[in-house]
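Take a look at the structure below.
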Amino acid sequence: MATASVAKQRTSVRVGVQKFGTFLSGMIMPNIGAFIAWGIITALFIPAGFLPNADLAKLVGPMITYLLPLLIGYTGGRAVHGIRGGVVGAVATMGVIVGTDIPMFIGAMLMGPLTAWIMKKLDKVWEGRVKPGFEMLIDNFSAGIVGAALAIFGMLVIGPVVKAFSDGASAVVEFLVHNGLLPLTSIFIEPAKVLFLNNAVNHGILTPLGTEQALQNGKSILFLLEANPGPGVGVLLAYMIFGKGLARASAPGAALIQFVGGIHEIYFPYILMKPILILATIAGGMTGIFTLVVTGAGLRSPAAPGSIIAVFAATAKDSYFGVALSVLLAATVSFLIASVILRTSKTTDVDALGQATSRMEELKGKKSSVSSALLGAGGGTAVLTRPIQNIVFACDAGMGSSAMGASVLRNKIKAAGFPDVKVTNSAIANLSDTYDVVVTHQDLTERARPVTSSAVHVSVDNFMNSPRYEEIVELVKSSNAAPGAEGSTAVAEPAAGAHAAQPAAVGGKDVLLPESVILNGSATDRDSAIDEAGKLLLDRGSVDMGYIHAMHEREESVSTYMGSFLAIPHGTNAAKNHILHSGVSIVRYPEGIDWGGKQVKFVVGVAGINNEHLHILSSIAKIFTDKAQVAQLEQATSVQEVLDLFGKVNA
């Protein structure tokens, strides 16, 4: 297991900046396509473009003034409070747009999340207190009032403040450019990239300022300060020639991923192996920026990811030579300096690269998506040096999706001949670093990594029949048969909140009742199906109204679609106080309904206290992994047939 230091909570300033940068990136990156669309229209149709067209050029101003900031405000709001947060965030963003005469990206990154956060806190105030039938009225009017108030606040207060900041930052950039000092920014940018601190600067300052410059001048040098692939590929080329062992062998593949794929983090472990190599990337970055300043070259929109393809796709009409020269010279200088360092330093071996990759992931605060390219398959799956004894499925609430997935995998592992391997489930909030394997929905993996950093993490998008389960079974077979198994430590107890495989009977209340089963649901879409399943739980007294709201909130964050035509909507972990006693409802939709692009015919509403509902979920999991039994459910003509298929779930 990991040492105590691994499990300590990260509270450093660096981690705080990383998280802030990641949050900013989360607002910008999903909308990069819109930035590129604006850049293409600008490059083609403005008077200085490839195909000047006065009518089509009318798109340029409204897109950058209204569309892009509204998209950013909506994305930021949705990240905080779902679609509801996105809507009020976009409304508030309109205020800062109208309150200034510049593209209001920074204002959108402030108003979107802020307004959504306020809306989220207010929703908590009256959660569960609204009388049935008035929910829509309260929801709509509260959102309208908050959106209107924050739009006015944004127009009168935030807009002028952000404009003053933007003007000041622009003045600093202009000063650096006019005095030939802009290349010095590489002294900060290149180390920040390796420490994963660049997002805060790139998406918080450079992209907004660069977009404003591009609007005025048709291009901006700021888009290429951080995205230039030259410095990184120069270091990797040096490793290809002068490196040793695995570092040399893996460098060509890493160079391809970095230069063409645009995933710059692939070269960070090579820097961390020999930190002095940061001098090579700094010098390369300074050379690239100096070349851009001298040639007057720039990009018309952000280049994301930092691929040479994306860079040239975003290059301004008059800047292809300058941009190409910038990348070439940056790579050349970086290569020359890195080559000297590698030739005059000690040999780099396989262990050093593995250790550097682990160190990179520690700095990043999560598993690297490209580490397998450096260390092979083992690097991608973090092969354990101990036998696997504890596997946990983690979801937001720890009582629905994770319980189903745990049941499916538990049966597979037992069938493979490893009955002693514990497969449990838990809420992410209750995880601790005591597990060997952690399985999560792909949208939740990054939340689970920081608190379970010594475990192998497996992401799935389908809890019922994910192909990743077979990989886990193979991992169990190989790890538990490994030569080092006999030296492993004792099995750790599951974290608090993890659930046992077979819970006790419910204290006097059946989990599934005949009146909680509907064979022909009336809903026609996902949200109304959640309401229908939730109302069955409400009618039998299992939950209050606040739990149904939480079921919708859970669905907005991570889909409860399980595969095999099944969805199991349930509340968030924070909504457990809205559960009065455990209950399960089942609604069948013979014609199927759309569930986020997937067809669902069976909706199982879940509300569970402690472990009381897990036996029925285990039964459901067994049925929905058997195609013949799913077919029987589809053809069932009575409620009793459905109950009989699930067995004595209330025994």
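Keep in mind that this is a model prediction, so the values were computed, not measured. We're numbering straight along the sequence, starting at 1. Side chains included, hydrogens not; waters and symmetry mates left out as well; all remaining heavy atoms used.
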When rounded to the nearest 0.5 Å, the distance separating CG of L513 from CZ of R540 is 4.0 Å
Between E135 and W126: side-chain donor-acceptor atoms closer than 3.5 Å: no
So which heavy atom on Y547 is nearest to which on G571, and how close? OH-N, 3.0 Å
Walk me through it: do V438 and V458 pass the test side-chain contact (heavy atoms from CB on, under 4.5 Å)? CA-CA 6 Å; V438 179; V458 178; over 6 Å; no
Can you tell me how far the CG atom of L70 sits from the CD1 atom of I97, to the nearest 0.5 Å? 4.0 Å
Side-chain heavy atoms of I391 within contact of V439, under 4.5 Å: yes
Residues T93 and G73: closest non-hydrogen pair is OG1-CA, 3.4 Å
Hey, are E634 and K601 close enough for a salt bridge, meaning a charged N less than 4.0 Å from a carboxylate O? yes
All heavy atoms of V162 vs all of G107, minimum pair found to be CG1-N, 3.8 Å
Just so I know, are the side chains of V91 and L150 near enough to count as touching, which here means a heavy-atom distance under 4.5 Å? no
side-chain contact (heavy atoms from CB on, under 4.5 Å) between R526 and I593: does it pass, once the steps are laid out? CA-CA 7 Å; R526 183 194 68 180; I593 58 175; 5.6 Å; no
Any chance you could measure I568, atom CD1, to I586, atom CD1, to the nearest 0.5 Å? 11.5 Å
Is Y469 close to V408 at the side-chain level, that is, under 4.5 Å between some pair of heavy atoms? yes
For W595 against A529, the heavy-atom pair lying closest together: CZ3-CB, 3.9 Å
Nearest-0.5 Å distance, CG of residue N520 to CD1 of residue I518: 9.5 Å
Any side-chain heavy atom of Q599 sitting closer than 4.5 Å to one from D594? no
Under 3.5 Å donor-acceptor, S142 side chain and D139 backbone: yes
When you compare the side chains of Y589 and E532, does any donor N or O come within less than 3.5 Å of an acceptor on the partner? yes
Chi angles and distances behind the side-chain hydrogen bond (donor to acceptor under 3.5 Å, both in side chains) call for D123, H81: CA-CA 10 Å; D123 284 345; H81 194 34; 2.7 Å; yes
Check residues 113-120 and write down every donor-acceptor pair under 3.5 Å in which the side-chain atom is one partner and the other belongs to a residue at least two apart or another chain.
residue	atom	partner	partner atom	Å
T115	OG1	M111	O	2.7

Quick one: does F393's side chain get under 4.5 Å of T424's, heavy atoms only? no
Would you mind reporting whether M94 and M155 have side-chain heavy atoms less than 4.5 Å apart? no
Do H578 and V543 come close enough that some side-chain heavy atom pair is under 4.5 Å? no
Working note: L137 + F134, criterion side-chain contact (heavy atoms from CB on, under 4.5 Å); need CA distance, chi angles, decisive distance, verdict. CA-CA 5 Å; L137 180 68; F134 289 86; 4.1 Å; yes
Would you confirm whether S585, through its side chain, and L536, through its main-chain N or O, come within 3.5 Å as a donor-acceptor pair? no
Under 3.5 Å: donor-acceptor pair, side chain of R84, backbone of G77: no
Minimal non-hydrogen separation, A57 against F45, with atom names: CB-O, 3.4 Å
Got more than 12 heavy atoms from elsewhere within 6.0 Å of CD, E515? yes
So, does R300 use its side chain to make a donor-acceptor pair with the main chain of A313 at under 3.5 Å? yes
Kindly indicate, with the supporting measurements, whether the criterion side-chain contact (heavy atoms from CB on, under 4.5 Å) is fulfilled by I309 and V311. CA-CA 5 Å; I309 298 173; V311 167; over 6 Å; no
Is there a side-chain contact between L633 and F565 in this structure, where contact means two heavy atoms from C-beta onward sitting under 4.5 Å apart? no
How many angstroms lie between CG in N31 and OG1 in T75, if you round to the nearest 0.5 Å? 4.0 Å
Approximate separation, where rounding is to 0.5 Å, of L299 CG and S220 OG: 8.0 Å
Looking only at side-chain N and O atoms, does H552 offer a donor or acceptor that is under 3.5 Å from a partner on D531? yes
For the backbone of G61 and the side chain of T65, can you confirm whether one donor and one acceptor N or O come within less than 3.5 Å of each other? yes
Nearest non-hydrogen partners of L566 and V604, listed with the distance: CD1-CG2, 3.6 Å
